[in-house]
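Counting starts at 1 for both ligands and their atoms, in listed order.
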Amino acid sequence: MSAPTQTGVVAQSARRRSIAVISHPDAGKSTLTEALALHAHVISEAGAVHGKHGRAGVVSDWLEMEQKRGISITSAALQFAFEDVVINLLDTPGHADFSEDTFRVLTAVDAAVMLLDAAKGLEPQTLKLFEVCRRRGVPVITFVNKWDRPGREALALCDELEERINLRATPVTWPIGEAGHFRGLVDARTQAVTLYAKAPGGASLAQEEHLGLPAARASLGAPVDEALDSLALLEPLDVESFRAGATTPLLFGAALSNIGVRQLLDVIAELAPPPSARIGTDGNERPVDAPFSGFVFKMQAGMDAHHRDHLAFVRVCSGEFERGMIVTHANSGRPFATKYALSVFGREREVIETAYPGDIVGLVNANKLAVGDTLYAAPGPAVTFPPMPVFAPEHFLTARVADPGRSKQFRRGIAQLEQEGVVQVLISEARGDGAPILAAVGPLQFEVAAFRMEHEFKAPMRTEHLEYTLARLASDVDARLLAGRQGVELARRTDGALLALVRDAWRLRSLQRENPDLVLAPPPAGLP
Ligand code: GDP
């Protein structure tokens with residue numbers, strides 16, 4: 001294996017832009033992902049990304065469930081070259097029940113594109129996601145989508161961003177014509193105008209006409225000056241404050257017609273930060289040109305009947321990854337062979353030979369790896385990146401094997417789902433490990449678990465809803481104080497943490513009143 005030159009890794013890393021597209025469901029995330037890919041000429045026909053909405057593609061049993069529920073669970077990592085940069089685009093599940101998944105994807109990117117629906121503005125999931133990005137220091141580019149339909153006023157959306165999430169919008173493009181009467185976009189910096197002729201169905205690029213300001217004025221009249229007046233009220237684009245999370249570059253468009261998408265790619269290439277040094281649990285920085293290291297941010301298994309394997313998605317943090325290299329699994333200290341390394345995007349899988357910081361590698365046969373685990377090149381300086389933050393679950397049920405003859409498969413299935421972070425698994429002393437408690441942020445996670453247990457592990461489960469809605473970390477003292485109390489149950493996570501499951505906030509307060517010594521801390525992280 002030839003050792004990569006340091007300058008090679010540094011140069012490759014500097015070209016990378018790893019971003020996630022996030023939004024409230026239905027804002028147009030899948031549509032935008034396809035449009036971005038289309039612009040980069042990686043897929044010939046929009047629709048190759050997901051098998052969603054009855055578009056092209058073989059429908060696997062997994063996708064069947066997604067379709068039936070109208071949800072998207074599988075996230076995709078797509079790599080494409082755009083001019084002189086390499087963009088890694090990570091898709092995220094839109095549904096709030098899979099917030100934990102989205103959060104994990106956000107640990108693996110260097111910037112995010114937030115989509116707003118022009119008519120809806122800031123929706124509940126949008127607000128939560130902005131907050132998560134802020135906490136994680138992920139800079140956000142905002143794309144106001146569906147400008148082809150009636151919606152809010154552009155300036156009102158800017159005010160909303162500032163007032164509700166304390167983020168100042170700095171326009172990159174500004175619409176000519178209000179939502180629903182869209183004529184074109186003006187570039188905030190050059191004042192060049194692009195007029196659009198929509199392409200039908202979103203399957204090909206919108207036709208563009210580029211004009212200077214005088215020609216645009218002559219052709220469109222007053223709306224051009226109205227756009228310029230609005231722009232004059234807002235702050236100019238600024239790299240520093242964007243990367244510091246104080247401002248968000250703002251663009252307008254219509255993903256369905258590929259309008260404004262090229263400008264978005266330009267901004268990603270120009271402003272989104274390349275990968276930088278990551279801090280290990282020992283507090284030391286691992287620069288991008290250190291030997292290979294990365295962490296698992298997502299596990300995927302049994303998604304497709306044709307690929308019943310365990311895939312671990314690894315974000316490369318430093319060095320050059322070469323397929324076939326033996327790496328160390330930091331969490332077990334054991335070697336891990338990377339003979340089978342893939343890029344995975346929806347149903348598309350391709351073998352990856354090399355990868356650089358910012359890239360996403362799908363490792364096959366990864367059933368010993370878990371979400372949050374670190375891998376690094378051996379021999380070489382060891383590193384462990386911080387574990388994935390765990391959310392405070394709000395939904396609980398007990399699971400038992402329906403057919404006692406399938407107990408072994410049941411146990412294996414539950415352990416696997418936990419390792420992948422599909423649900424959290426808790427064992428209560430009273431119930432024993434034959435009846436684990438499954439805990440989730442949203443109930444759709446339980447549906448995924450039930451589906452996988454039945455179809456993949458052939459061990460359908462019988463479940464029983466539990467009346468708890470809160471989990472708090474409990475100390476040994478707390479455990480003693482809570483023994484035998486009503487409306488509370490103690491259960492242990494496999495990482496050793498003891499959780500007190502409580503019926504509701506009211507019960508929690510009454511327990512705390514009765515026992516002033518009770519500590520019961522909320523688990524760290526989680527969404528606001
Ligand atoms: P996701 O849930 O965020 O992935 O949203 P989708 O990409 O599935 O889009 C939700 C709906 O909005 C679909 O019916 C899209 O066709 C539609 N849509 C997406 N972008 C646009 C747009 O720019 N204009 C219009 N009019 N509809 C759009």
Side-chain angles (χ1 to χ4, degrees), residues 19-39 43 45-57 63 66-78 89-99 101-102 105 112-130 142-152 154 157 173 175 177-185 194 196-208 250-265 345-346 442 444:
I19 55 160
V21 181
I22 52 182
S23 76
H24 191 87
D26 270 347
K29 205 157 41 57
S30 310
T31 311
L32 179 74
T33 304
E34 285 171 13
L36 286 170
L38 184 68
H39 267 269
I43 51 176
E45 185 196 347
V49 181
H50 289 290
K52 245 176 110 179
H53 304 316
R55 288 184 289 227
L63 289 172
E66 294 188 319
Q67 278 187 334
K68 228 168 31 207
R69 302 293 324 228
I71 52 173
S72 164
I73 302 164
T74 44
S75 34
L78 170 68
L89 189 64
L90 279 69
D91 191 16
T92 53
H95 200 287
D97 283 13
F98 302 110
S99 301
D101 244 324
T102 300
V105 172
V113 172
M114 176 72 77
L115 266 181
L116 302 184
D117 182 318
K120 296 184 178 153
L122 298 176
E123 300 180 77
Q125 188 69 355
T126 329
L127 293 169
K128 283 188 180 179
L129 287 164
F130 268 121
T142 305
F143 186 90
V144 181
N145 191 29
K146 307 193 187 181
W147 204 256
D148 55 324
R149 290 206 310 217
R152 305 260 174 101
L157 284 169
T173 59
E178 57 199 40
H181 299 281
F182 177 68
R183 310 295 299 274
L185 292 170
T194 311
Y196 292 94
K198 270 200 282 180
S204 57
L205 302 180
Q207 286 166 356
E208 301 183 359
L250 181 70
L251 300 96
F252 294 80
L256 192 59
S257 316
N258 298 299
I259 292 172
V261 176
R262 184 184 46 76
Q263 290 88 332
L264 177 60
L265 280 168
F345 183 53
L444 276 177

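Judged by distance alone, with hydrogens and angles left aside, the side-chain atoms of R149 form no donor-acceptor pair with the main-chain N or O of A179 at under 3.5 Å. Checking side-chain atoms of T31 against main-chain N and O of L256 turns up no donor-acceptor pair under 3.5 Å. The backbone N or O of T92 sits less than 3.5 Å from a side-chain atom of K29, completing a donor-acceptor pair.
Residue L256 has at least one heavy-atom neighbour below 4.0 Å for each of these atoms of ligand 1: 16 (O), 20 (N), 21 (C), 22 (C), 23 (O), 24 (N), 25 (C), 27 (N), 28 (C). Per-residue contacts place A254 under 4.0 angstrom from the following atoms of ligand 1 (heavy atoms of the residue considered): 23 (O). Atoms of ligand 1 found under 4.0 Å from any heavy atom of S23, numbered from 1 in the order shown, are 3 (O).
Residue-level proximity to ligand 1 for R149 is carried by the side chain, the only part with a heavy atom below 4.0 angstrom. When heavy-atom distances to ligand 1 are checked against a 4.0 Å cut-off, D148 comes that close only through its side chain, counted from C-beta outward. With a 4.0 Å cut-off on non-hydrogen atoms, N145 touches ligand 1 through its side chain and not its backbone. Counting heavy atoms under 4.0 Å from ligand 1, residue S257 does not touch it at all. Contacts of A27 with ligand 1, taken as heavy-atom pairs under 4.0 Å, involve the backbone alone.
Residue L32 has no nitrogen or oxygen atom sitting less than 3.5 Å from a nitrogen or oxygen atom of ligand 1, judged on distance alone. Taking distance alone, with nitrogen or oxygen atoms compared against 3.5 Å, P25 stays at or beyond that limit from ligand 1. The shortest N/O to N/O separation between G253 and ligand 1 does not fall below 3.5 Å.
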Check the pair I22 / L115 against side chain to side chain contact (heavy atoms under 4.5 Å, CB included), numbers first and verdict last.
CA-CA 6 Å; I22 52 182; L115 266 181; over 6 Å; no
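Rounded to the nearest 0.5 angstrom, L127 CG and L122 CG are separated by 5.5 Å. Here M114 contributes atom CE and N145 contributes atom CG; the two are 13.5 Å apart, rounded to the nearest 0.5 Å. Atom CD in E34 sits 9.5 Å away from atom CG in N258 (nearest 0.5 Å).
The number of heavy atoms from other shown groups lying within 6.0 Å of CD (E123) is above 12.
Across the listed options D117, V21, T31, T31 owns the non-hydrogen atom lying nearest to atom 19 (C) of ligand 1.
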